[in-house]
Participant: 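Take a look at the following structure, please.
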Amino acid sequence: MSCLFACCGFAATAEPVVIAALGDSLTQGYGLIEDDGLVPQLDRWLDAQGADVRLINAGVSGDTTAGGASRVEWTLTPEVDGMIVALGGNDLLRGIAPEVSRANLDKILNAADKAEVEVLLVGMEAPGNYGPDYKQAFDSMYPELAQKYDTLFVDSFFVGLEAEGNPGAVSQYMQSDGIHPNAQGVALIVENLGPTVLELVTDASK
């Protein structure tokens, strides 16, 4: 057992920790070859840290929080030890009321809680064009639900890109649609998301 592996708190077990990534096209890897998508890149990052983990890509392109809520039960198979929840972008694109999105996310987290599955909730930030009330309600539902269910939390899926500092810098990491990250963008997202996913793996291995 390597020092890194031991220090991260992973148990030496025969079976890897299984993490399901429940999300939309950002999780599924829209517009990218399979190896460049979020889940494969995250899998390689975790492997490099010495984590004994198997990731399941449960991303469905176009999915809303309602779609995630409708399939969370069959995503949470007995083998799943932890779950990454990254949904809400398509709710924003459709202008779905924040209270509806919140109820769907609550259903997802409640299902995970009942299944005793550890969760990392990944937030989204609403644009300003829906008005300040919408933005406040949408943005705040993620940290509030994370606190309610005592989950790990990252405030934005795009935190790695936003760290680059300005919209001009971000654009080079996006595909032509301006919505989905390219392979380089995903790599930055993984670098910033990875440490918290590593925490999830540690928690789920206990």
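These numbers were taken from a predicted model, which means no experiment stands behind them.
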Participant: Between the side chains of D106 and Y149, does any donor sit under 3.5 Å from an acceptor?
Facilitator: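 Yes - a donor-acceptor pair under 3.5 Å links their side chains.
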Participant: Can a salt bridge be assigned to the pair E118 and K206 using a cut-off of 4.0 Å between side-chain N and carboxylate O?
Facilitator: no
Participant: Measure across L42 and G194 and return the closest heavy-atom pair with its distance rounded to 0.1 Å.
Facilitator: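 Looking at all heavy atoms of both residues, the shortest contact is CD1-CA, 4.1 Å.
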Participant: Is there a path of hydrophobic side-chain contacts, each under 4.5 Å between heavy atoms of I, L, V, M, F, W or Y residues, that connects V122 with V60?
Facilitator: no
Participant: Please check if the number of heavy atoms outside Y30 that lie under 6.0 Å from its OH is greater than 12.
Facilitator: no
Participant: Please tell me if the side chains of V197 and L46 come closer than 4.5 Å, counting only heavy atoms from C-beta onward.
Facilitator: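 They are in side-chain contact.
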Participant: What distance do E199 atom CD and D203 atom CG have between them, rounded to the nearest 0.5 Å?
Facilitator: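 Separation between the atoms: 7.0 Å.
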Participant: Rounded to the nearest 0.5 Å, what's the gap from CG on L193 to CH2 on W45? Could you check?
Facilitator: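 Going from CG on L193 over to CH2 on W45, the span is 9.0 Å.
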Participant: Say whether, by atom type as modelled, one donor and one acceptor occur between the side chain of Y130 and the main chain of L92 under 3.5 angstrom.
Facilitator: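 Looks like yes, one N/O pair under 3.5 Å.
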Participant: Is the number of heavy atoms from other residues, nucleotides or ligands within 6.0 Å of NZ (K135) greater than 12?
Facilitator: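 Enclosed.
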Participant: What are the two closest non-hydrogen atoms of L76 and M83, and how far apart are they?
Facilitator: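 Nearest pair, atom of L76 first, then M83: CD2-SD, 3.9 Å.
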Participant: Using side-chain contact (heavy atoms from CB on, under 4.5 Å), reason through D63 and T27 one step at a time and then give a plain yes or no.
Facilitator: CA-CA 10 Å; D63 224 358; T27 300; over 6 Å; no
Participant: Measuring from K148:NZ to L105:CG, what's the distance to the nearest 0.5 Å?
Facilitator: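 So the gap between those two atoms works out to 11.0 Å.
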Participant: Donor-acceptor pair, R102 side chain versus A137 backbone, under 3.5 Å?
Facilitator: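 No: the side chain of R102 does not pair with the backbone of A137.
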Participant: Look up atom OG in S156 and atom CD in E125, then write down how far apart they are to the nearest 0.5 Å.
Facilitator: 5.0 Å
Participant: Using a 3.5 Å distance criterion without hydrogens, assess whether the side chain of D35 forms a donor-acceptor pair with backbone atoms of P40.
Facilitator: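 Side chain of D35 to backbone of P40, a donor-acceptor pair under 3.5 Å: no, none is there.
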Participant: Report the relative orientation of the aromatic rings in Y142 and F138; use parallel for angles under 30°, tilted for 30 to 60°, perpendicular for over 60°.
Facilitator: perpendicular
Participant: Looking at Q147, I'd like to know if its CD atom is crowded, meaning that more than 12 non-hydrogen atoms belonging to other residues, nucleotides or ligands lie closer than 6.0 Å.
Facilitator: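 Incorrect, the count does not exceed 12.
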Participant: Rounded to the nearest 0.5 Å, how far does CD1 of I19 lie from CG of L120?
Facilitator: 9.0 Å
Participant: Can a donor-acceptor pair be found, under 3.5 Å and without considering hydrogens, that links the side chain of N182 to the backbone of Q175?
Facilitator: no
Participant: Shortest non-hydrogen contact from A204 to V17?
Facilitator: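 Shortest heavy-atom separation between A204 and V17 comes out as CB-CG1, 3.8 Å.
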Participant: So V190 and L38, side-chain contact (heavy atoms from CB on, under 4.5 Å) or not? Walk me through it.
Facilitator: CA-CA 7 Å; V190 166; L38 176 73; 3.9 Å; yes
Participant: Are V80 and T75 close enough that some pair of their side-chain heavy atoms sits under 4.5 Å apart?
Facilitator: no
Participant: Could you state whether V201 and F153 fall into the same hydrophobic cluster, counting links through intermediate Ile, Leu, Val, Met, Phe, Trp or Tyr residues with side-chain heavy atoms under 4.5 angstrom apart?
Facilitator: yes
Participant: Looking at L198 and A51, what are the two nearest heavy atoms and their distance?
Facilitator: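 Of all heavy-atom pairs spanning L198 and A51, the closest is CD1-CB, 3.9 Å.
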Participant: Just so I know, are the side chains of P181 and L26 near enough to count as touching, which here means a heavy-atom distance under 4.5 Å?
Facilitator: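 Heavy-atom side-chain distance check passes, below 4.5 Å.
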Participant: Keeping D91 on the side-chain end and T65 on the backbone end, is there a donor-acceptor pair under 3.5 Å?
Facilitator: yes
Participant: Enter the distance from L22:CG to I56:CD1 here, rounded to the nearest 0.5 Å.
Facilitator: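 Output value for this atom pair is 11.0 Å.
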Participant: Which atoms form the tightest heavy-atom contact between G95 and Y134, and what is the distance?
Facilitator: C-OH, 3.8 Å
Participant: Please report the shortest heavy-atom distance between I179 and F158, naming the atom on each side.
Facilitator: O-CZ, 3.8 Å
